[in-house]
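Residue indices begin at 1 and follow the sequence shown.
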Amino acid sequence: MTGLKNQGVPDAGHALHLLRQMLRVRRLEEKCIELYSAAKIRGFLHVYIGEEAVAAGVMETLAPDDAVVATYREHGHALLRGVSAGAILAEMYGHAEGCCRGRGGSMHLFDAATRFYGGNAIVAGGLPLAVGLALADRMAGRQRVTVCFFGEGAVAEGEFHESMNLAALWQLPVLFCCENNLYAMGTALGRSESQTDIALKAAAYEIPAWAVDGMDVLAVEEAARRAVDAVRSGGGPHFLELRTYRFRAHSMFDPELYREKSEVAQWMERDPISLLQGAMEAAGQLPAEDWTALQADVEAEISTAVGFAENGTPEPVSELLRFVYSDRPDDGNGGTGNAEATGNPEATGKGRAAG
């Protein structure tokens with residue numbers, strides 16, 4: 001695939017799949033905004049609208065055993081990694097049926113079964129975690145790749161530089177994906193970084209790095225596949241700067257006073273969903289009935305997920321100390337005890353903090 005600069009797509013069937021994936025994320029995020037506005041979802045909410053091509057393109061290149069580390073704007077990553085829309089929404093509702101039993105909320109989605117390791121609310125907090133996962137795989141001789149998503153705001157943090165250095169020094173199997181949407185919360189990239197070429201910063205650590213049009217899902221997938229294949233074959237860490245744009249404010253609390261509406265409108269002309277849809281329609285690869293059916297399927301999926309979340313249940317108060325402390329180790333007599341039952345491991349002398 002060579003991106004949407006060419007008319008049509010080489011593989012219409014696969015392109016339709018990518019279109020579906022991006023639309024799933026878009027409709028989920030739109031529903032989240034609706035539910036948040038109705039006070040069904042509380043706390044903070046950061047949506048991924050406009051950036052769908054990044055998650056859709058990169059996730060296509062991963063194997064089930066690979067690991068994914070994301071940011072607090074991670075609903076789309078989780079969904080496309082295999083976490084169900086129902087489990088995601090139930091988590092935001094604070095219900096026990098959520099992927100983290102309702103304890104993490106919007107910013108802390110986690111799912112061990114799909115090797116989705118967050119959802120990290122701390123800027124750049126996922127970078128050291130990704131390096132650790134990659135180091136564990138290399139030490140164990142596993143042919144896995146860890147993909148770490150983060151925004152360009154993370155580049156200003158010390159963890160970014162520490163992680164780049166160690167990954168390069170130890171030649172770890174990690175792919176760093178910088179989602180450069182130009183604004184770290186309300187601060188424009190040019191106001192915080194003297195060097196705004198993020199890929200160049202990574203290259204300074206002797207890491208193969210290049211920039212990609214993050215609004216073109218085919219270009220993203222092509223670049224990600226090239227990078228993932230290189231990492232998996234022992235080529236060490238790689239870095240993609242995915243130049244994208246969020247169409248919505250940083251969060252639902254953001255008055256968005258730092259950028260002009262005309263700038264947003266200009267970027268929306270390159271909506272990743274519309275770009276792929278338009279290229280396929282122009283080439284006769286997307287009949288109107290197929291597009292209508294696709295939208296209906298996605299709407300049905302999201303509607304079912306909302307129903308699942310709505311019918312969920314808050315975790316009982318009696319369970320709220322569960323997972324705060326670990327279980328007591330085996331006492332040698334076949335019993336384990338349970339420090340979490342009292343919430344006071346020090347009383348037993350054997351409890352350990354799970355942190």
Side-chain angles (χ1 to χ4, degrees), residues 28-29 31-47 64 67-122 125-126 129 132-133 136 251-253 301-355:
L28 173 64
E29 296 290 49
K31 182 58 66 173
C32 286
I33 293 171
E34 178 185 324
L35 295 171
Y36 191 93
S37 300
K40 297 290 185 69
I41 294 173
R42 305 296 181 92
F44 291 95
L45 183 71
H46 310 79
V47 296
V68 176
V69 180
T71 69
Y72 47 77
R73 198 183 305 278
E74 87 284 29
H75 312 151
H77 304 85
L79 180 68
L80 300 190
R81 185 55 183 166
V83 184
S84 73
I88 292 171
L89 286 177
E91 183 62 29
M92 294 190 210
Y93 271 59
H95 287 166
E97 291 79 8
C99 57
C100 298
R101 302 185 65 85
R103 293 165 178 257
S106 169
M107 294 193 290
H108 302 98
L109 303 178
F110 176 95
D111 184 64
T114 58
R115 303 203 76 222
F116 184 76
Y117 296 110
N120 295 276
I122 303 300
L129 174 60
L133 288 166
S251 72
M252 294 297 289
F253 288 103
E301 177 189 3
I302 301 305
S303 177
T304 298
V306 172
F308 178 81
E310 289 276 1
N311 291 318
T313 53
E315 201 159 24
V317 173
S318 60
E319 290 283 297
L320 293 183
L321 288 178
R322 191 179 179 199
F323 309 121
V324 175
Y325 298 105
S326 66
D327 289 342
R328 287 174 53 188
D330 193 307
D331 59 11
N333 297 315
T336 60
N338 193 346
E340 67 189 16
T342 64
N344 183 7
E346 294 180 357
T348 67
K350 292 185 177 181
R352 297 181 301 164

*Grab the two heavy atoms, one from Leu133 and one from Ala67, that are nearest each other, plus how far apart they are.*
CD1-CB, 4.2 Å
_Heavy-atom pair with the smallest gap, counting every atom of Gly86 and Ala305_ = N-CB, 3.5 Å
*Just wondering, more than 12 heavy atoms not from Leu320 lying within 6.0 Å of its CG?*
yes
_Are Leu89 and Leu35 packed together at the side-chain level, in the sense that at least one heavy-atom pair is separated by less than 4.5 angstrom?_
yes
*For residues 80-99, which residue pairs qualify under ring-ring contact (aromatic ring centres under 6.0 Å, His included), counting only residues two or more places apart or in two chains?*
Tyr93-His95
*Considering residues at least two apart in sequence or located in another chain, which fulfil the side chain to side chain contact (heavy atoms under 4.5 Å, CB included) criterion with Glu34?*
Lys31
*Would you check if the side chain of Glu97 reaches a backbone N or O of Ala87 as a donor-acceptor pair within less than 3.5 Å?*
no
*Could you tell me whether a side-chain N or O of Asn120 sits under 3.5 Å from a main-chain N or O of Tyr72, the two making a donor and an acceptor?*
no
*Gap separating the CE atom of Met107 from the CD1 atom of Ile122, nearest 0.5 angstrom*: 8.5 Å
*Just do the side-chain contact (heavy atoms from CB on, under 4.5 Å) check on Arg73 and Ser251 with the steps written out, would you?*
CA-CA 9 Å; Arg73 198 183 305 278; Ser251 72; over 6 Å; no
_Pair His108-Cys100, side-chain contact (heavy atoms from CB on, under 4.5 Å): steps then yes or no_ = CA-CA 8 Å; His108 302 98; Cys100 298; 5.8 Å; no
*Any side-chain heavy atom of Arg322 sitting closer than 4.5 Å to one from Arg103?*
yes
*Ignoring hydrogens and geometry, is there a side-chain-to-backbone donor-acceptor pair from Arg81 to Pro64 under 3.5 Å?*
yes
_If you define the side chain from C-beta out and look only at heavy atoms, does anything of Phe110 sit under 4.5 Å from Phe116?_
no
*Separation between OG of Ser84 and CZ of Phe308, rounded to the nearest 0.5 Å*: 6.5 Å
*Does any N or O in the side chain of Glu91 come within less than 3.5 Å of the main-chain N or O of Leu109, such that one atom is a donor and the other an acceptor?*
no
When the side chains of residues 38-46 are checked against the rest of the protein, which donor-acceptor pairs come out under 3.5 Å, sequence neighbours left out?
residue, atom, partner, partner atom, Å
Lys40, NZ, Glu310, OE2, 2.9
Arg42, NE, Ala39, O, 2.9

*Please report the closest heavy-atom contact between Ser106 and Met92, naming both atoms and the distance.*
CA-CG, 4.1 Å
